[in-house]
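Numbering of residues begins at 1 and proceeds along the displayed sequence. From a predicted model like this one, the values you see are computed outputs, not experimental measurements.
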Amino acid sequence: MPTVLSSALLAAGVTMPQGAHANDSTAMIEAGGIELVETPDISLDVEDLYISPSQIRIHYEFFNHSSESKRMLVAFPVPEISAEPEENYGIDNSDPVNFLGFTVLSNGRPVPPDLEIKLTMNGRDYTKLLVDNGVPLHRFSPDYYDQVENIPVSSRKLLADQGLIDWTPGEEWYGKNWKVKATYYWWQEFPANSRTVLDHSYTPVVGGGIVNEQYGVLNNVDRFCIEDSFIRGFRKLLVKGGHPETISKEVRYILQTANNWLGPIGDFRLVLDKEKPDNLITLCINGIKKIAPTQFEFRAQNFVPDRDIDMMVVEMPDW
């Protein structure tokens, strides 16, 4: 299980040996937490990425081109998570710390990652203020709802003054404006003039929900590059299911941090899995081909990511 460090601990210099929704990147610990940095000596020669709504798997092959071994902090950022308890993302809270079930293999051997959690708003770290006023650090702990809904009135006033919550005195409910930012990280050895293989797997933080043609499809045309063929398929899915609405699963993957390594990704392979043959899938990427009833593949040499992956899968459940 990962050791959890809040940004306040990291700022105080407390470190321990060591990841919407992300790509590995070298990192350093500065005041305020982990900051990603570029590395001039290590290339990302191979990335084999598998994405589905229920699992993400990544296989990396790095090469240290220098004559010196490098011991570097590697970070794996997770897309920001809403603080609203109603948005449970389908996460199993049996392990509220390693809520993604994130694993690391270095040359086939397990490496226990650490986990940094920040509570942020508009890019600013409010972790200490929120925790000091009763907000739990662990977003998926079993008692998160009870804790976050029972913050004292004095704390609500303070947090409202900071814009962290939308609250009217006398009302029970309040809007949560902060986000949860999680980053897995560990110390990684890159031997001189050698190849290092890293493998990850984890359960993605999945967004989405109940959608109809207007809400979920037409209002997301630009975000997911939705084409007319997808809209036609969506209408057929509704007719087949006999309902005016269905559900979507949205998965984000931070890909552009791969640009922190030396040069482009030498050999990049992406496999997208919609999980059921009748499901629909859409995202903004060109050159995808179907390789199986539920899987699609994109391949590129000397690949330079210019955007992150934002994917939507639509399925008709057994209502």
Side-chain angles (χ1 to χ4, degrees), residues 19-23 47-59 78-82 87-91 100-101 200-258 265 267-300 303 305-319:
H21 79 64
N23 240 10
E47 177 171 357
D48 196 328
L49 171 60
Y50 169 91
I51 299 179
S52 76
S54 58
Q55 188 179 45
I56 292 180
R57 300 190 301 266
I58 318 104
H59 172 83
V78 178
E80 287 186 328
I81 302 165
S82 170
E87 298 185 34
N88 62 18
Y89 296 99
I91 294 295
L100 298 184
H200 303 316
S201 67
Y202 67 98
T203 302
V205 177
V206 177
I210 296 177
V211 295
N212 55 38
E213 184 171 334
Q214 178 59 47
Y215 180 77
V217 177
L218 296 181
N219 67 327
N220 275 320
V221 167
D222 292 337
R223 177 184 171 189
F224 296 113
C225 294
I226 294 174
E227 299 179 343
D228 290 343
S229 58
F230 182 91
I231 297 174
R232 290 194 297 270
F234 184 83
R235 291 169 179 167
K236 291 179 181 178
L237 188 67
L238 295 183
V239 171
K240 184 177 180 180
H243 292 275
E245 56 192 19
T246 183
I247 63 171
S248 71
K249 297 178 180 179
E250 301 169 5
V251 182
R252 285 196 62 223
Y253 183 88
I254 301 173
L255 187 61
Q256 293 184 82
T257 50
I265 304 173
D267 184 4
F268 178 73
R269 179 176 184 252
L270 168 65
V271 173
L272 305 166
D273 195 334
K274 62 180 183 177
E275 298 187 319
K276 298 177 182 178
D278 289 341
N279 289 354
L280 305 174
I281 185 172
T282 182
L283 74 162
C284 298
I285 191 168
N286 295 319
I288 293 179
K289 66 177 182 179
K290 191 171 185 178
I291 59 172
T294 67
Q295 294 185 357
F296 302 82
E297 180 187 60
F298 170 81
R299 301 203 70 154
F303 181 60
D306 60 359
R307 68 190 305 162
D308 296 326
I309 294 172
D310 205 0
M311 177 180 84
M312 179 170 71
V313 173
V314 174
E315 68 175 48
M316 180 61 69
D318 185 13
W319 296 101

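Annotation for Asn219 and Gln214: closest pair OD1-O, 3.0 Å, computed over non-hydrogen atoms. When all heavy atoms of Asp308 and Gln256 are compared, the closest pair comes out as OD1-N, 3.0 Å. Residues Asp273 and Pro53 come closest through the heavy atom pair O-CD, 3.5 Å. Pro244 and Asn212 make their closest contact through O-CB, 3.6 Å (heavy atoms, listed as atom of the first residue, atom of the second, distance). In plain terms, the two heavy atoms of Ile56 and Pro204 that are nearest each other are CD1-CB, 3.7 Å.
Between Thr246 and Val211 there is a side-chain heavy-atom pair separated by less than 4.5 Å. Side-chain contact between Ile51 and Met311 is present, with heavy atoms from C-beta onward closer than 4.5 Å. The shortest side-chain heavy-atom distance between Ile247 and Glu315 falls under the 4.5 Å cut-off. The side-chain heavy atoms of Phe230 and Val314, taken from C-beta on, include a pair separated by under 4.5 Å. Proximity of Tyr215 to Glu245: side-chain heavy atoms (C-beta onward) are nowhere separated by under 4.5 Å. The shortest distance between side-chain heavy atoms of Ile226 and Phe234 does not fall below 4.5 Å. With contacts defined as side-chain heavy-atom distances shorter than 4.5 Å, the pair Arg223/Asp310 qualifies. Thr294 has its side chain out of reach of Glu275: every pair of non-hydrogen atoms, C-beta onward, lies at least 4.5 Å apart.
Taken from CG in Leu270 to CG in Leu283, the straight-line distance is 7.5 Å, to the nearest 0.5 Å. Once rounded to the nearest 0.5 Å, the distance linking CD1 of Ile58 with OG of Ser201 reads 8.0 Å. Of the inter-residue distances, the one linking Ser52 atom OG with Lys276 atom NZ reads 12.5 Å to the nearest 0.5 angstrom. Atom CZ of Arg269 sits about 5.0 Å away from atom CG of Asp48, to the nearest 0.5 Å. The distance from the OG atom of Ser248 to the CG atom of Leu280 is 11.0 Å, given to the nearest 0.5 Å.
None of Arg232, Arg235, Lys236 except one satisfies the salt bridge (charged side-chain N to carboxylate O under 4.0 Å, His left out) rule with Glu213; the exception is Arg235.
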Go through it in stages, so that I can follow the logic: the residues are Asp267 and Arg299, the test is side chain to side chain contact (heavy atoms under 4.5 Å, CB included), and I'd like the CA-CA distance, side-chain angles, deciding distance and then a yes or no.
CA-CA 8 Å; Asp267 184 4; Arg299 301 203 70 154; 3.5 Å; yes
The test is side chain to side chain contact (heavy atoms under 4.5 Å, CB included); show your working for Ile309 and Ile285 and say whether it passes.
CA-CA 8 Å; Ile309 294 172; Ile285 191 168; 5.8 Å; no
Steps toward side chain to side chain contact (heavy atoms under 4.5 Å, CB included) verdict (Ile231, Val217):
CA-CA 7 Å; Ile231 297 174; Val217 177; 4.0 Å; yes
Side chain to side chain contact (heavy atoms under 4.5 Å, CB included), that's the test. Do Phe224 and Glu250 meet it? Break it down for me.
CA-CA 10 Å; Phe224 296 113; Glu250 301 169 5; 3.8 Å; yes
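The aromatic rings of Phe303 and Phe268 sit parallel to each other, their planes meeting at less than 30°, with 60° as the upper class boundary.
Taking the side-chain hydrogen bond (donor to acceptor under 3.5 Å, both in side chains) definition, one finds that Ser82 meets it with nothing, sequence neighbours left out.
At least one donor-acceptor pair closer than 3.5 Å links the side chain of Asn279 to the backbone N or O of Lys274.
Annotation for Glu297: atom CD counts as buried by contact number, over 12 foreign heavy atoms lying within 6.0 Å.
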